Amino acid sequence: MRSKRELIEKFIQESLPNIEDSDSILEKFKKFWNIEQEKAMQELVSDENLHFEKTASQVS
């Protein structure tokens, strides 16, 4: 999984320039963070040939 720093930097580079309303930055970041966590979980499950729901319940 990626480090928090890498994800924050990715958000700043890819998403921040497209956000017009500064009040929505936190909301957009939370959405970005959740999507990236989901991608990482899917990758882990796929790479390790695991059951998604069982793995997710153990990680959460």
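Remember, predicted model here, so these are calculated numbers, not experimental data. Side-chain atoms are counted along with the backbone in the values below, which use heavy atoms only and exclude waters and symmetry mates.
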Closest non-hydrogen atom pair, [X] against [Y]:
X: Ser24; Y: Ile19; result: OG-CG2, 3.5 Å
X: Val45; Y: His51; result: CG1-C, 4.4 Å
X: Phe11; Y: Ile25; result: CZ-O, 4.0 Å

Distance in Å, [X] [atom1] paired with [Y] [atom2], rounded so as to fall on 0.5 Å steps:
X: Lys31; Y: Glu36; atom1: NZ; atom2: CD; result: 12.5 Å
X: Ile12; Y: Phe29; atom1: CD1; atom2: CZ; result: 8.5 Å
X: Phe52; Y: Glu38; atom1: CZ; atom2: CD; result: 4.0 Å
X: Lys30; Y: Leu26; atom1: NZ; atom2: CG; result: 4.5 Å

Check ion pair Glu9-Arg5 (N to O, under 4.0 angstrom)
yes
Is any side-chain heavy atom of Phe32 closer than 4.5 Å to one of Leu16?
no
Measure from the side-chain N and O atoms of Glu6 to the backbone N and O of Ser3, and report whether any donor-acceptor pair falls under 3.5 Å.
yes
